[in-house]
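Right, one structure below, let's go through it.
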Amino acid sequence: MSSDDFGPIPSDALLRGLTQRRLTRRDILRAAGVGGGALAASSFLAACGVSGGKAEKSQGTTFWTGKKQAGSAVFANWPLYMDVKGKSDHPSLDRFTKQTGINVKYKEVVQEMPSFYGKIQPVLSAGQSTGYDIIVMTNGVYLDKLLEANYLVPLDQSKMPNFNKYAGPAIKNPSYDPGNKYTMAWQSGITGIGWNPKYVKEPIHSYQDLFNPKYKGKIGMFADNADLPNLALQGIGVDCEKSTPPDWQKAADKLKAQRPLVRQYYEQNYIGPLSKGDIWISMAWSGDIFIANSGNPDLDLQFVVPDEGGLIWTDNVCIPIHVAHPVDAMTLMDYYYDPKPAAMLTEYINYITPVPACKEVILQDAANATKKSDKDYLQGLAKSPLVFPTSDMVSKVHNYRVLNADEEKQWNAIFEPIYQG
Amino acid sequence: MRSLRARLTPYWLALPGGLWLVVFFVVPMFFMASLSLQTGDPVNGFSQTFHWSTYSDTINLYEKQFVRSVIYATIVTLLLLVISYPMAYWIAFRGGRYKSTVLFLVLLPFFVSFVIRTLSWQFILADNGFILQPLKNAHLLPQDFHVLATSFAVICGLAYNFLPFMVLPLYVSLERIDHRLVEAAHDLYAGRFEAFRRVVWPLSLPGVFAGVLITFVPVASDYVNASILGGTHTTMIGNVIQTLYLTNNDYPAAAALSFTLMGSLLIGIFAYARALGTQDVMQTAA
């Protein structure tokens, strides 16, 4: 009776569009009936309780001595996060196996951060292997906890030649993992402002534009506790990563004052109303805008990182402790920083790639494409600042505020009443 | 010996159903009840502290959404009753050989997913959609008029989505009425209205009871319509529980709210059953 299925899904691209961010992906997955993970995790937590407990800090240098390539690796990733040919064949992984002789077991088991964390945390705290050699974690509270509890293997910095050569400045050396000691970016996205130029005639550049009374009833905001508050903090001129509770209150007050102007706080699916003109201007995710435009030639939605600053989120590949095949994992992680496989991913996923150099490969692919539609698509992809953000955009983005458990409660209490009207 | 077996047979027959109920209803309920009294967070784990104030805290915090849900559900249920009763009446008494066709038509929208049906209303009612735009162009409506993002849209969406739940039980109870009883009423000088009031309506009460029950309860906890058709002031308790559970991972608060909702619905249902005369209704329904 509830949202048991999402009906006809025309293409992977649209599905990825709908699943652009964790929150929406989560909703989609729940809609598809696999969100039971959360339920399972919580009843598990309810039944057993979960103990905390840190692991010994493994020494980066000693961990890797004597470790050898085993010839196989298990990769735990989010759904729709790897190029696909046919039903289940992943060309970029096949290429990897051909190059290195390492067989990869690719598993789409990460559906949302809390439930995935709930699945691996008890195993790791019991000193056992998760069975995964690579896991993909979004920056945020759960990745922070894995780092804090020493549940991640320090990366072998000598086995990251591609990363060192090709990793883009936006994702290198992130604040949640200085020096990339434990993580490498898989894909990213930017939160900013989207608008429909059919209705909004002047160029949008500032967070204040979301507060323009001219757009009363035509403004969309997000109903979430990451993007909505963090962007508001940037909007009031505070660096959200370093914000304090008084700043939170100030940002919340500003958002509260905005309420009468807002059409709706969107959990997902703001892109339809934005395309149709139900809303004219909205908080938006870069990838959604790109995918909406590329699926509809009449649509020319615009996206901007506001002057006051936008947000970037990153999904990271990392290696959990008690890993069985660390060398193979390392090799695979670095392999995706080679522009060729990075391009294969980007052509499928349309997110922001950590490897800006894969643009040349995509342009090359466009030149070689025989079908005109493929050629246009690939050229549009390579040219889009939504997939290859300009350095100006990159200089304006910030990570989410990192919150500990107590802060999170306070944060939710401040920001939740805004969108739960 | 034989009589003992005979006496035990019903229990044996009830065993699979009973087990089903225990495993998939009683046990989860127990876990949720236990969860609602725990404190903690998903990172460090939850532990049982019998923290009863979660209940009062969440009620205080979300009283508005709670009351709103009950109001919406009441309006929707009454609306559905008014729409569905004549419809079910017509199908049962005047449907003739088209009965099953008409019933099938009532059910037809159900072959499309709930979410998609609601999304299509978003499309139909769009500010610049094919209904509102022509009216606006003809200056029959102001340019900034909109239906979406209002309580009206949410209530209509709910009524639309839950219509068959009301029609079917009403139809079943009306269908069973022996038409000769109505004729007898007429023979005893009852007019059409009097015959309806004294014969048809009382005999259809079990259907009304069932229909009200199975629309009110899911409507009160629905979260799809409010999030797709609603605006900034239409959040229902279902949306709150969903957010608490899936976004904030505040499992205890979500569980506590769910129990509060369930408790108040149960109380309401019993009061309602009492008012209608339970025995009577349950008997006729059985």
Side-chain angles (χ1 to χ4, degrees), chain A residues 1-8 23 26-27 30-31 35 38-39 41-43 45-52 112 114-115 117-118 121-122 141-142 145 216-218 221 223-225 259-260 262-269 272-273 276-279 405 408-409 412-413 416-417 419-421, chain B residues 27-28 30-32 34-36 38 40-48 61-62 64-65 112-119 122-123 125-129 144 146 148-149 161 218 222-224 227-228 230-235 238-240 242-252 254-255:
Chain A
M1 187 67 255
S2 67
S3 45
D4 44 25
D5 82 70
F6 220 84
L23 186 67
R26 198 183 279 171
D27 281 310
R30 186 180 57 255
L39 198 69
S42 67
S43 49
L45 295 176
C48 317
V50 171
S51 54
E112 45 177 346
S115 66
Y117 183 88
Q121 192 272 347
V141 59
Y142 296 98
K145 285 287 161 186
K216 183 172 196 287
K218 298 291 181 185
M221 299 293 282
D224 79 329
N225 56 7
R259 265 185 69 92
V262 175
R263 165 68 169 245
Q264 194 178 344
Y265 294 92
Y266 291 92
E267 285 163 29
Q268 54 180 13
N269 197 36
K276 283 189 305 233
D278 287 350
I279 51 173
E408 200 191 348
K409 277 209 173 101
N412 285 343
E416 213 161 81
Y419 56 91
Q420 298 272 17
Chain B
V27 173
F30 171 77
F31 279 133
M32 291 306 279
S34 142
L35 188 60
S36 72
Q38 297 180 6
D41 60 79
V43 171
N44 299 312
F46 293 93
S47 51
Q48 187 56 267
L61 209 52
Y62 299 110
K64 204 162 66 179
Q65 290 86 341
V112 179
S113 144
F114 188 59
V115 175
I116 295 298
R117 267 182 289 145
T118 314
L119 279 173
Q122 198 186 43
F123 179 75
L125 298 174
D127 291 15
N128 307 315
D144 60 350
H146 61 94
L148 290 177
N161 274 311
D222 180 81
Y223 62 89
V224 174
S227 70
I228 294 180
T232 53
H233 53 275
T234 58
T235 309
N239 301 81
V240 173
Q242 185 205 16
T243 307
L244 284 176
Y245 203 100
L246 290 162
T247 311
N248 297 2
N249 303 112
D250 193 345
Y251 302 137

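Throughout, protein chains are lettered first and strands after them, A, B, ... in sequence-line order, and every chain is numbered starting at 1.
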Heavy-atom neighbours of K276(A) NZ exceed 12 at 6.0 Å: yes

Shortest non-hydrogen contact between D278(A) and N128(B), atoms and distance: OD1-N, 4.2 Å

Contact check, side chains of T235(B) and Y265(A), non-hydrogen atoms, under 4.5 Å: no

Charged N-O contact under 4.0 Å between D127(B) and K218(A): yes

Please look at [X] and chain A and tell me whether the side chain, the backbone, both or neither of the residue comes under 4.5 angstrom of a heavy atom of that chain.
X       : value
I228(B) : backbone
Q122(B) : both
Y62(B)  : side chain

Would you give the length of the straight line joining atom [atom1] of [X] to atom [atom2] of [Y], rounded to the nearest 0.5 angstrom?
X       : Y       : atom1 : atom2 : answer
L244(B) : Q420(A) : CG    : CD    : 7.0 Å
E416(A) : L61(B)  : CD    : CG    : 7.5 Å
M221(A) : T232(B) : CE    : OG1   : 12.0 Å

By side chain to side chain donor-acceptor pair (under 3.5 Å) - contacts of N412(A) (at least two apart): N225(A)

Sidechain-backbone polar pair: Q264(A) side chain, S227(B) backbone, donor-acceptor under 3.5 Å: yes

Toward chain B, the part of P260(A) with a non-hydrogen atom under 4.5 Å: neither

Proximity breakdown for K216(A) and chain B, heavy-atom pairs closer than 4.5 Å: neither

Criterion side-chain contact (heavy atoms from CB on, under 4.5 Å) on R263(A) and L148(B), from CA distance to verdict: CA-CA 9 Å; R263(A) 165 68 169 245; L148(B) 290 177; 3.0 Å; yes

